[in-house]
Amino acid sequence: MRLSKSFINTLRETPKDAITPSHQLMLRAGLVRQSASGLYTYLPFGLRAIQKAINIVREEMDKADALELSLSILQPASLWKKSGRWEQYGKEMMRLQDRKDNFLCIGPTHEEMITDLISQTVRSYKQLPITLYQIKSKFRDEIRPRFGMIRCREFTMKDAYSFDVDEQGLEESYQKMYETYKKIFSRCGLDFEIVEADPGLMGGNFSHEFIAPSQNGEDTIIKCAKCSYRANLEMAECLPAKVSVAGGKNEEIRELNTPGIKTVEELNKSLKIPVSEMIKTLIFEIDNKKFVAALVRGDHEVNPAKLKRLLATNILEMASAEQIEKVTGAPVGFSGPIGLKEIKIVCDSSILSEQAYLCGANKKDKHLTGVNPGKDFSADITADIRYIIEEDSCPKCGDEISFTKGIELGHIFKLGTKYSVPLQAKFIGKDNKENPIIMGCYGIGIDRIIAVAIEQNHDKDGVIFPTALAPYQVLILPTNYKDEILKKKADEIYNTLIESSVEVLIDDRDETTGVKFKDAHLLGIPLIVVLGRNFIEKGEIELEVRGKEKEIIKEKGIVNKILAHLKT
RNA sequence: CGGGGUGUGGCUUAGCUUGGUUAGAGCGCUACGUUCGGGACGUAGAGGUCGGUGGUUCGAAUCCACUCACCCCGACCA
């Protein structure tokens with residue numbers, strides 16, 4: 001492509017709304033333009049990069065025997081009502097009505113559609129296993145789109161769904177995708193971690209996330225320094241406390257006056273008791289009807305995802321101030337486990353029965369000290385219900401852990417029969433019995449591949465595309481295209497590379513050399529071939545590997561040298 | 001939805017506190033000329049409902065009210 005004929009839209013200055021490097025550079029390099037919050041237009045160069053990512057994903061999915069199809073973007077409400085998600089899915093799902101007043105949604109995901117398709121087409125175990133996938137736009141009316149392409153409302157997703165006859169089959173399908181994802185992100189040249197994750201609304205006990213470490217990530221992951229343990233914050237297991245705290249089993253309960261002192265920090269300040277020797281009591285409402293009290297140490301936080309899983313509920317919310325007063329008999333800030341009636345007490349496993357703690361008295365302006373769990377109250381359930389903190393150690397090997405931020409590139413789930421049962425996707429087995437199909441689902445955020453590639457590969461001058469994702473591989477830069485010698489040689493190299501099927505650009509614009517260099521670096525094309533005065537004087541051509549070294553090459557060897565670079 | 005912030009040609013912005021000429025600038029854009037190895041120089045141009053609506057006033061980019069959009073921090077997720 002000749003730059004004089006292409007559509008490049010580089011910006012000299014950074015648009016003020018863009019904060020993260022990938023967002024700034026994608027705008028500056030003219031890869032995308034924003035049309036509204038969370039909505040972007042891909043310009044030609046950006047689209048080429050996206051197509052590169054799509055092709056890699058498609059190739060690897062096909063190698064894994066997955067089959068591509070395309071489900072309609074608009075989906076009938078009836079299917080979502082069958083799975084129950086018409087009600088469960090919140091405002092992220094864009095709902096609309098057609099001229100006949102039928103309700104539809106713009107697909108935020110496609111489990112219902114694909115399961116319905118399978119229910120109509122699969123009859124026998126002989127048709128299984130099968131994995132189907134598509135690569136297309138999804139729409140989620142996100143609460144808060146941000147970071148440019150990292151969280152948009154309309155985005156391109158590869159979503160795959162596996163269908164098996166049993167758990168073992170699912171395990172194999174899942175494992176296949178796990179390996180496929182590793183290949184995909186490696187081929188894209190990305191740095192990533194695989195972590196255990198909470199499946200949330202999707203169902204299942206655990207899942208895996210593929211996370212690109214980045215300061216601008218929205219997820220927090222936990223890494224063990226020694227072993228291979230990786231988990232996201234929601235999922236990371238906490239070992240029961242090993243820290244020994246002061247106070248003993250036989251302390252007597254004493255009531256303290258604590259007027260207006262509601263938080264652990266305030267209690268710590270006025271009573272000089274370490275926060276780790278306090279119990280925080282939080283009241284949650286589950287399924288919009290029942291209440292539970294969750295107890296964690298003062299220096300810990302309740303992890304709602306763990307609590308949800310433990311209580312097997314999807315709806316868990318903090319109780320309101322009025323509800324707390326009704327349930328505990330005291331205003332917010334004075335709740336405690338002693339004297340709670342008819343509500344389940346869930347105690348975190350880091351609260352030790354042989355220690356004495358400070359906690360709320362369920363009376364206004366009163367707290368209790370010397371409270372021994374086990375002796376003075378009993379929990380209905382004791383389990384791991386808190387977030388891991390940096391002082392914790394690795395749940396697998398006990399070594400140090402660290403926290404890292406990251407961007408979620410992909411997520412693989414085991415769905416089981418969550419959708420196949422309500423949507424009646426069944427098969428007849430060898431034993432002539434009818435059973436629900438066992439499902440898995442596997443997503444990749446395509447736009448995020450590009451955003452992450454840029455987050456991870458850029459410098460002060462612009463993007464440094466990994467070769468696999470670059471919109472073009474080579475940029476030929478004659479410093480002055482009006483110079484006959486330079487023009488002739490540049491065209492010659494350009495034509496030769498085109499004949500070799502190399503994706504090549506030539507900067508034939510009537511721009512100053514400085515502009516050409518700046519654009520070349522901003523665009524991030526991996527190989528820049530500079531033809532300038534050194535060529536005229538000495539027959540030397542400069543080959544710049546974007547972000548790395550520059551080489552001086554004699555005229556004759558240039559094409560082979562370029563081709564050699566592209567192979568590595 | 002809660003908290004914070006910003007809206008002035010394509011981009012970055014001055015002016016707003018303390019209302020008063022044709023709303024300035026840099027970059028970009030157009031034409032011509034000189035340049036041509038690091039966003040060059042000269043000359044001449046084009047481009048603006050000052051986010052919108054209503055109000056106060058002789059007079060509003062500037063003050064007031066409402067509203068819209070966008071960004072950032074928290075709850076959602078690829």
Side-chain angles (χ1 to χ4, degrees), chain A residues 9-20 23-24 27-28 30 33-39 57 88-93 108-110 135 137-160 181 197-202 207 209-212 216-219 232 234 304-305 316-318 406-413 441-449 451-452 461-462 477-483 486-487 507 509-522 528 530-537 540 542 544 550:
Chain A
N9 266 290
T10 52
L11 299 176
R12 191 178 290 220
E13 272 160 304
T14 305
K16 67 172 183 302
D17 281 346
I19 308 293
T20 55
H23 190 196
Q24 293 180 340
L27 291 169
R28 285 233 291 137
R33 273 293 163 99
Q34 181 168 7
S35 53
S37 181
L39 301 179
V57 169
Q88 276 178 30
Y89 226 107
K91 287 186 175 173
E92 287 80 52
M93 183 153 77
T109 177
H110 281 77
I135 299 170
S137 285
K138 296 270 184 283
F139 188 89
R140 294 182 191 169
D141 196 1
E142 293 287 349
I143 296 169
R144 181 147 106 80
R146 60 173 144 183
F147 300 151
M149 303 311 294
I150 290 170
R151 175 166 229 81
C152 0
R153 294 194 291 174
E154 184 180 320
F155 58 101
T156 306
M157 179 167 159
K158 187 285 301 177
D159 50 325
Y181 274 37
D198 175 62
L201 264 185
M202 299 298 274
S207 59
E209 284 177 341
F210 291 73
I211 302 275
N216 296 313
E218 299 180 278
D219 293 84
N232 77 6
E234 268 73 44
L316 178 92
E317 278 176 49
M318 295 282 285
I407 297 163
E408 186 179 1
L409 288 165
H411 202 157
I412 58 178
F413 303 85
C441 90
Y442 317 91
I444 291 180
I446 300 287
D447 318 80
R448 283 186 182 176
I449 291 179
V452 163
D461 297 320
L477 196 163
T479 57
N480 181 359
Y481 194 67
K482 282 182 183 163
D483 182 286
L486 294 180
K487 179 178 188 300
D507 197 343
R509 296 175 301 171
D510 184 18
E511 290 285 355
T512 59
T513 314
V515 170
K516 292 182 181 186
F517 275 113
K518 289 287 181 189
D519 274 345
H521 291 148
L522 185 54
I528 302 167
V530 182
L531 289 154
R533 69 162 89 90
N534 289 338
F535 177 74
I536 298 171
E537 289 165 10
E540 285 175 359
E542 184 180 305
E544 180 183 347
K550 290 179 190 176

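Chain A is the first sequence line, chain B the second, and so forth, proteins listed ahead of strands; every chain is numbered from 1.
- The CE atom of A/Met149 sits 20 Å away from the P atom of B/rC77 (whole-angstrom rounding).
- Within the nucleic acid shown, A/Thr14 comes within 4.0 Å of sugar-phosphate atoms alone, with no base atom in reach, counting heavy atoms only.
- Here the CG atom belonging to A/Asp447 is positioned 4.0 Å from the OG1 atom belonging to A/Thr156, to the nearest 0.5 angstrom.
- Comparing the C1' positions of B/rU57 and B/rG5 gives a spacing of 30 Å, expressed to the nearest Å.
- Taking a pair to require two hydrogen-bonding distances under 3.5 Å in either a Watson-Crick or a G-U wobble arrangement, B/rC50 remains unpaired.
- Rounded to a whole angstrom, the distance from the P atom of B/rU62 to that of B/rG9 is 15 Å.
- Atom OH in A/Tyr181 sits about 9 Å away from atom C1' in B/rA78, given to the nearest Å.
- Counting heavy atoms from C-beta on, the side chains of A/Arg28 and A/Thr14 come closer than 4.5 Å.
- B/rU34 and B/rG51 have their P atoms separated by 43 Å, with the value rounded to a whole Å.
- Ranking B/rC76, B/rU13, B/rA78 by closeness to the A/Arg146 side chain, first place goes to B/rC76.
- On the P atoms, B/rC36 is 30 Å away from B/rA25, given to the nearest whole Å.
- Separation of the P atoms belonging to B/rC72 and B/rG20 is 35 Å when rounded to the nearest angstrom.
- Proximity of A/Phe147 to A/Glu218: side-chain heavy atoms (C-beta onward) are separated by under 4.5 Å at one or more points.
- Within the nucleic acid shown, A/Ile407 has no heavy atom closer than 4.0 Å to any nucleic acid atom.
- Applying the Watson-Crick and G-U wobble criteria (two distances, each under 3.5 Å), B/rG38 pairs with nothing in any strand.
- A/Asp510 has a carboxylate O that lies under 4.0 Å from a charged side-chain N of A/Lys482, or vice versa, which qualifies the two as a salt bridge.
- Residue A/Asp483 is classed as having no contact, given no heavy-atom separation below 4.0 Å to the nucleic acid.
- Partners of A/Arg509 under the side chain to side chain donor-acceptor pair (under 3.5 Å) rule, at least two apart in sequence or in another chain, are A/Asp507, A/Asp519.
- Rounded to a whole Å, the CG atom of A/Asp219 is 8 Å from the C1' atom of B/rC77.
- Comparing B/rC50 with B/rG7, their P atoms are spaced 15 Å from each other, to the whole Å.
- The distance from atom CD of A/Glu218 to atom C1' of B/rC76 is 9 Å, rounded to the nearest whole Å.
- A distance of about 15 Å separates the P atoms of B/rG10 and B/rC29, rounded to the whole Å.
- In terms of position along RNA chain B, the nucleotide closest to A/His23 lies nearer the 5' end than the nucleotide closest to the other residue of the pair A/His23 and A/Leu409.
- The partner of B/rG45 is B/rC29, judged by Watson-Crick or G-U wobble contacts that both fall below 3.5 Å.
- Contact annotation: A/Arg151 side-chain N/O to B/rC76 OP1/OP2 distance is not under 4.0 Å.
- Rounded to a whole angstrom, the distance from the C1' atom of B/rG3 to that of B/rU17 is 25 Å.
- Ion pairing between a basic and an acidic side chain is recognised when a charged N comes within 4.0 Å of a carboxylate O; A/Glu154 and A/Lys138 show no such pairing.
- Base pairing analysis places B/rG20 opposite B/rC58; the two distances defining the Watson-Crick or G-U wobble pair are each below 3.5 Å.
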Go along nucleotides 36-47 of chain B 5' to 3' and tag each nucleotide: B for a protein heavy atom under 4.0 Å from its base, S when only backbone or sugar atoms are that close, - otherwise. BBBBB-------
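- Note on A/Ile143: a base of the nucleic acid sits closer than 4.0 angstrom, heavy atoms only.
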Mind running side-chain contact (heavy atoms from CB on, under 4.5 Å) on A/Ile407 and A/Arg448 for me, showing each step along the way? CA-CA 8 Å; A/Ile407 297 163; A/Arg448 283 186 182 176; 4.0 Å; yes
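- Residue A/Glu13 places a side-chain atom within donor-acceptor reach of the base of B/rG26, judged by atom type and a 3.5 Å distance cut-off alone.
- Nucleotide B/rC76 holds its C1' atom 15 Å from the CG atom of A/Leu316, rounded to whole Å.
- Here the straight-line distance linking atom CZ of A/Arg140 with atom CE of A/Met157 works out to 5.5 Å at 0.5 Å rounding.
- Counting any heavy atom pair closer than 4.0 Å across all strands shown, A/Glu92 reaches sugar-phosphate atoms only and no base atom.
- The distance between atom NZ of A/Lys16 and atom C1' of B/rG5, rounded to the nearest whole Å, is 11 Å.
- If you measure from atom CD of A/Gln34 to atom P of B/rC70, you get 8 Å, rounded to the nearest angstrom.
- Here A/Phe147 lies in heavy-atom contact (under 4.0 Å) with sugar-phosphate atoms only.
- The side-chain heavy atoms of A/Lys518 and A/Glu511, taken from C-beta on, include no pair separated by under 4.5 Å.
- Residues A/Pro145 and A/Phe155 each lie close to RNA chain B; by heavy-atom proximity, the contact nearer the 5' end of the strand is made by A/Pro145.
- Nucleotide B/rC70 is matched to B/rG5 when pairs are restricted to Watson-Crick or G-U wobble geometry with both distances under 3.5 angstrom.
- Rounding to the nearest 0.5 Å places CG of A/Asp483 at 12.0 Å from CZ of A/Arg533.
- The CZ atom of A/Arg140 sits 13 Å away from the P atom of B/rC76 (whole-angstrom rounding).
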